[in-house]
Each structure stands twice: as C-alpha cells, then as structure tokens.
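Chain letters run A, B, ... following the sequence lines, proteins first and then strands; every chain starts at 1. Computation of the quantities below employed the complete heavy-atom set of this structure, encompassing side-chain atoms and omitting hydrogens, waters and symmetry-equivalent molecules.
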Amino acid sequence: MPELPEVETTLRGIAPALTGQRIQRLLVRDRRLRQPVSNETEALLPGQRILHLHRRAKYLLLTLEEGAVLIHLGMSGSLRLTPVITDYRKHDHIDLLLESGLSLRLHDPRRFGLFQWIPTPVTSHPLLANLGPEPLSEACDGDYLYRVARKRHLAVKNLIMDSRVLVGVGNIYANEALFLSGIHPAQAAGSISQARYQRLAIAIKQVLSAAIEQGGTTLRDFLREDGHPGYFAQSLHVYNRADKPCHQCATPIEVLRIGQRSSFYCPVCQSETTPDCLPGARTGMSEP
DNA sequence: CACAAGACCTGGCAGC
DNA sequence: TGCTGCCAGGTCTTGT
C-alpha cells in the first residue's frame, strides 16, 4: 500500500529516468480516476520537458516547463518504468512515454489515484494549499503537535491522520507511532501531555524513516510487479496483529474502530496511566 | 467550527 | 465450485 515511505521510494526510483526528459506522448487507457484525467492534461503534456520531481505529502509532482503533473497513488496505485507500452495489464490506466523510449506507467486497480496537470504555483492548488507540515521536517515536533491539539476532543489517532495537521501519516504508521509513544489511539487529543507529544513526534519520524530505509525492498518491486504487502510487515508491532502478543509485554493486541478505520493497540503499553518513561525503554524496533 | 460518517472502487478472502 | 458479503486503503464531500 502506498504510504509516505512507498511514495518517497517511488520518487527516488523514477526520478533519474524522468528528470530532464521530454514527454513524447500521453496514453490514457482509462481516465476514470479519483478525478477524471482532464483534457487539459492530455493536451498540455506532450512536448514538455520534465524539469524535476518532488514529493509533497503523498503526492508526487513532476515540474514541467509549463505547470506540473500531480500524481497520487490512492490506495492501490503504483508507478513503474516500462520499455514497452503495447504490453500492458488490466488496470494499467496511463502511460507517459518519454523520449528515452521508457514509459512511466500508472497501475491502479481501485482507481483512487490521481494524474492531473495543474498550473503553477502548485502550492496554491486546492489539493495542496491546506496541507500541514511534512512529518520528517523540523516543523513537526512535540511542541507543534501539542499546540494544534489544544482544546481538540477528537481521538489523537484521527488528529495525526488529518492532512491539515500533518501529512503522510496513514493508518499503518499512525497505529505504530502511537504504540511506540505509549498513547492509546482513542485518547482525546487535547488531554495528552506535552511530554507525550514529544515522544509521539519522535516516534512518527522514527517509524517513517525506518520504512523508507526498508524501501529498498519496494524499490526493487516497483520496477517489476507492484510491490504488495509484507515488505514492512516484519517490523510492525501492532498493525494487523489483533490477538497476537505485544512485543513489549505479551498482552494480546486489541483492535478498535476509530474513524471508520481499524486501530490496533496494546491495552497495557498504551493506556492513560502508562508512564512517559516506560515505552522510552524501547530501542524503537525490538525484534518480533 | 469541530467532528463523524459517507462516498468512491476493486480484489481478496471468509463463510456458506 | 461458486456465490455473497465484508474489508482494506486515502482523502474529498456531506451531514450533524
């Protein structure tokens, strides 16, 4: 599943093949994505040079001579480079053919992804204008989280998954970061101490960084098949581990619905009475 | 304004 | 074996 680390890994993987390349042709086999691929997109891409690529939240941005291409992988999307555009599979919706002969191909079974030309400056685009800070940036720290959580009553898990507050933290990493910082996912955001938010900020960075490092696995995958589950699963402490023993205290992991999403937690390590110092003993990634 | 729930879509899987 | 129904994921939209 494309979470931030996978998007970052994808970016690093495709950037060398795309940077500086001129787009020869855009082939749209199925325009029905989260937003239909616009006529503008089809008209404006061919002939333009890709100046550079970067990531914002889970969006990939290809900066062109005029405007940019905004790509999102949704829940099931993947990008890969292919030398042959005639050999395509089901759900290979888009091919962006480059002058090198390689093609950037979007594969997305559930079609929640996005592939759209947008004008510059991209930061004023509605989809990008209201995004919170990057979790790996200095702007994301305990003081910031504590500040935005003041007087908020929603579950802390929902707070850190709100893209206006913080981008890139999906369900898996929200669960993991809350475990590492000893916070119950349903606890009201405004009731959590500043010290605990310091731990949470560190845990978010830690879990995302670790996953990006393991992205090497994904990197190899996305050039061939779409790299599916399992690649980071070995490192997960709570996600998808209902009834299995907590890596820290052996208590069975519990599951709860918060904001329509499965939330996994250890009832002992993640309770309001868990002292701030207890999970601190964790080295981060105790081996399963 | 804050928050919750719904919608979108398909593949995979459990249960019959 | 095939059918039904549920679930997963991210984020925008709608409802309370």
Side-chain angles (χ1 to χ4, degrees), chain A residues 1-11 29-38 55-61 70-79 89-94 106-116 118 125-135 147-177 185-192 204 207-208 211 218 221-222 225-233 236 238-243 253 255-264:
Chain A
M1 302 300 160
E3 298 249 358
L4 185 146
E6 203 159 312
V7 176
E8 179 66 29
T9 302
T10 297
L11 169 70
R29 297 190 187 85
D30 191 339
R31 61 175 66 248
R32 296 173 303 160
L33 298 176
R34 181 168 114 203
Q35 288 176 9
V37 178
S38 67
R55 178 188 61 75
R56 174 73 174 110
K58 292 173 189 164
Y59 290 99
L60 285 172
L61 280 147
L70 183 65
I71 301 173
H72 196 286
L73 301 177
M75 299 203 260
S76 58
S78 60
L79 289 169
R89 298 173 301 163
K90 196 178 178 182
H91 308 304
D92 283 344
H93 304 313
I94 295 174
L106 175 70
H107 177 85
D108 186 6
R110 295 179 204 174
R111 302 208 311 270
F112 283 0
L114 186 71
F115 190 102
Q116 209 74 282
I118 63 172
H125 188 274
L127 290 173
L128 302 176
N130 300 313
L131 295 176
E134 289 287 330
R147 191 157 22 90
V148 296
R150 289 310 81 203
K151 297 181 181 170
R152 303 290 298 273
H153 296 278
L154 81 171
V156 60
K157 177 158 175 274
N158 287 344
L159 181 81
I160 62 172
M161 289 179 71
D162 183 340
S163 64
R164 292 165 301 182
V165 170
L166 196 61
V167 301
V169 179
N171 196 37
I172 295 172
Y173 298 115
N175 278 297
E176 294 300 308
Q187 191 173 348
S191 71
I192 296 169
I204 289 170
V207 74
L208 291 175
T218 320
D221 289 353
F222 90 89
E225 293 303 299
D226 45 9
H228 258 347
Y231 81 101
F232 194 66
L236 298 175
V238 288
Y239 183 79
N240 218 12
R241 295 194 63 247
D243 301 326
I253 298 299
V255 59
L256 191 65
R257 270 332 254 190
I258 301 174
Q260 315 274 77
R261 310 206 105 69
S262 295
S263 306
F264 302 86

| OP1 or OP2 of C/dG10 under 4.0 Å from side-chain N/O of A/S163 | no

| query | Can a side chain N or O of A/Q260 be found less than 4.0 Å away from OP1 or OP2 on B/dG6? | reply | yes

| Phosphate OP1/OP2 of C/dC12 contacted by A/R164 side-chain N/O (<4.0 Å) | no

| field | Five-pair end axes of the helix from B/dA2-C/dT16 to B/dC16-C/dG2 and the angle they enclose, rounded to 10° | value | 50°

| task | Using whole Å, report how far CE of A/M75 lies from P of B/dG12. | result | 15 Å

| message | With heavy-atom distances below 4.5 Å as the criterion, would you say the side chains of A/L4 and A/E134 are in contact? | response | yes

| If you find the nucleotide of DNA chain B closest to A/F112 and the one closest to A/R152, which residue's nucleotide is nearer the 5' end? | A/R152

| A/D92 side chain vs A/R89 backbone, donor-acceptor pair below 3.5 Å | yes

| Is the shortest side-chain N/O distance from A/K90 to OP1 or OP2 of B/dT10 below 4.0 Å? | no

| message | Starting the side chain at C-beta, find the nucleotide from C/dA8, C/dC12, B/dC9 nearest to A/R257. | response | C/dA8

| task | Would you indicate, yes or no, if B/dA4 has its OP1 or OP2 atom less than 4.0 angstrom from a side-chain nitrogen or oxygen of A/N158? | result | yes

| query | Atom CZ of A/R261 and atom C1' of B/dG6: how far apart are they, to the nearest Å? | reply | 12 Å

